[in-house]
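A short worksheet on the structure shown next.
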2 protein chains.
Amino acid sequence: MGSNSGSRPPVMADVARIAGVSHQTVSRVLNDHPNVRAETRTRVLRAIDELGYRRNLVARALVTKHSRTLGVVSFDTTLYGPASTVYGIERAAREAGYFVSIVSLRTIDRAGVVDAIDYLADQGVDGIVVVAPQASTARALDDLPLGIPVVAVEGGHAGDVSVVSVDQVAGARLAAEHLLGLGHETVSHVRGPSDWLEAEGRVQGWRTVLAEAGRPIPDPLDGDWSPRSGYRAGKRLAAMAGDVTAVFAANDQMALGLLRAFAEEGVRVPEQISVVGFDDIPESEFFTPPLTTIRQDFTAVGRHSLEVLLRQIEAGEPLRPERLVVPPEFVARASAAPAR
Amino acid sequence: MGSNSGSRPPVMADVARIAGVSHQTVSRVLNDHPNVRAETRTRVLRAIDELGYRRNLVARALVTKHSRTLGVVSFDTTLYGPASTVYGIERAAREAGYFVSIVSLRTIDRAGVVDAIDYLADQGVDGIVVVAPQASTARALDDLPLGIPVVAVEGGHAGDVSVVSVDQVAGARLAAEHLLGLGHETVSHVRGPSDWLEAEGRVQGWRTVLAEAGRPIPDPLDGDWSPRSGYRAGKRLAAMAGDVTAVFAANDQMALGLLRAFAEEGVRVPEQISVVGFDDIPESEFFTPPLTTIRQDFTAVGRHSLEVLLRQIEAGEPLRPERLVVPPEFVARASAAPAR
DNA sequence: CCCGCTGTTGTTAGCGCTAACAACAGCCAG
DNA sequence: CTGGCTGTTGTTAGCGCTAACAACAGCGGG
């Protein structure tokens, strides 16, 4: 089987000749068309096997207008969050019989997103998932070239595209409430970059909890998700040790920077300062001390976004945009302790 | 421009009609064919703009037999190494005008790799990069369905496919030599899973250095790249504290687990035990203490592998397999110190 | 004036597949 | 025996593009 003797790969007509049928009958067998005699079917299958024939999907896509390929646009797939999300999408897509074409953005501007979507649309993808964590990206989705189903991940309240996201506000509430519950007077916050919707949501959840409890609301410190920015914030917070007894970092990497800075300054965690992170990256459990954090189920987000997208593709017509929210989960470890 | 009034998207013939030329002339303009009068060209371009015409790449691929799409097969794109490599590939591919279709493997067996390659070949990709860190994966590449250019990343001495990789042996040597240079009698090793070529290379480099220096070679401890496995190894090593003064972990995550275990057992790093990792993930600099490690330039690996692949694709015929090695780099930080 | 050359454009065929319809055998109802 | 149905197969016409060749104008040389 499959002795592809030298020449060009076999096509449907070759199979048809061997099987003694028309190429259309071969097509019917391949597409599981019901009206094919069982005996004919096996003859065709045998010929396919003998020739090692594989259907040309490009030719198929040309006539069906469906490529069974999905596009994914994501920002910096090196980061744990996007990488896991894309992974979830890819897994779910392949299970559904779709290919996945990815485009990583390195700039944040809306032009980049629009370009990427155009680029994928050119290639003939059947639908696109945009991992759009920045407000600007989310806005770019509002006035799309359209004509092709799009789902946003972490995309805020984008106009008429469906959105799947983790409830950032709820996650931040979990963090702040835990710290307050531990007896801390208030909670400082190292926030993510202001253009990011996730950063915004976390600030909002944190602030709300403090406001509801009638506690003082310290100015949040600026970070950019990197451990280094957390480290810088940590140095500043360490200088205020005594006043500050609890910090909520907007992600685990910044929390790591915080821990490092505190260690250098001799500020003990959690004895003098409690720290809570966000994401639950695989490393967090082994930080010194192990990090109390909020887990986001990125794979679930990827999976759900794909489900929503497929629903739209299979409907064939624009559906009412969906809004799907995945709940975050509190993970207790050793970096947060009761206030003394 | 581009007022796509309701109906189906414009095709080349539509542009031709508007511009008053044949569809073939439109094709010539699009393909930068030299023999087109300048005035005709501008008329065609104007028509394209007016209609918002976009060439159908699927139809083009059908006749040219080139999809300008590359396939990437990778194992667990959630890990930092593969994720960065894929990122480098994707960037380079897009700059060269290629799309990238990815398939993430979750099982390690060769069937998975072969399936993935088949799957991508079906889709009509022009070439494939296989991020194949396991020996079994690398072997799977030896007897490929072939007919399509393939480049392996971290693929060992695979038969007749080109390979791009970081020099693991040299990296491990760097780590072991540094530790020995610090005055340690010998160096323990926490190795990666035995099926991984990278793990193998690191063991080999480490062992060679010790042998050359005539030092005792402790049995390596088994790990699986995860922080948890490093943690378990750390617990065992801590029990031997005093005997063991230096450890080389095969990756940074396991080194993190080591640090955690040592902290729990009250073994101070680097005062009592020096630790060196491998990879230089972004977090390493902020571990407690900051991790001395070996940096791998994953993005460069991705870029190079794409260059090799494109060379093969553009040659149109099988080339002699290339072997490209990227040197690792030693990064000194605080987790390794002179033996007392 | 005819020939052949170059530059520009159009015409035709076909990539490999599916959709739509046509053809035909076998069967049962009337 | 005829009409019409069902199941099975074949024939034809494209999908939207590029490749190959044909056609033709304009030009200079013999």
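To find a chain, count down the sequence lines: A is the first, B the second, and so on, and within it residues start at 1. This one's a predicted model, so the numbers in the text were calculated from it and none came from an experiment.
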From [options], pick the nucleotide closest to the side chain of [X]?
{"X": "A:K65", "options": "D:dG7, D:dG16, C:dT11", "value": "D:dG16"}
{"X": "A:N56", "options": "D:dC15, D:dT18, C:dC17", "value": "C:dC17"}
{"X": "A:V63", "options": "D:dC15, C:dT9, D:dT9", "value": "D:dC15"}
{"X": "A:Q24", "options": "C:dT18, C:dT9, D:dC17", "value": "C:dT18"}
{"X": "A:S22", "options": "C:dG10, D:dC17, D:dG10", "value": "D:dG10"}
{"X": "A:R60", "options": "D:dT9, C:dT18, C:dT9", "value": "C:dT18"}
{"X": "B:N35", "options": "C:dT18, C:dT8, D:dG10", "value": "C:dT8"}

May I ask you to say whether [X] pairs ionically with [Y], meaning some side-chain N is under 4.0 Å from a carboxylate O?
{"X": "B:E90", "Y": "B:R94", "value": "yes"}
{"X": "A:R17", "Y": "A:D14", "value": "yes"}
{"X": "B:R46", "Y": "B:E50", "value": "no"}

Once you round it to whole Å, what is the distance between P of D:dT6 and NE2 of A:H33?
->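 Answer to the nearest Å: 14 Å.
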Measure the distance from CG on A:D122 to P on D:dC17 and round it to the nearest whole Å.
-> 11 Å
Would you please confirm or rule out a distance under 4.0 Å between OP1 or OP2 of C:dT9 and any side-chain N or O of B:R37?
->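 So the side-chain polar atoms of B:R37 do come within 4.0 Å of the phosphate oxygens OP1 or OP2 of C:dT9, strictly under.
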Hey, is the side chain of A:R8 pairing donor to acceptor with the base of C:dG16 inside 3.5 Å?
-> no
Do B:H23 and D:dT18 have a side chain to base donor-acceptor pair shorter than 3.5 Å?
-> yes
Flag for A:Q312-A:S162: side-chain donor and acceptor within less than 3.5 Å | yes
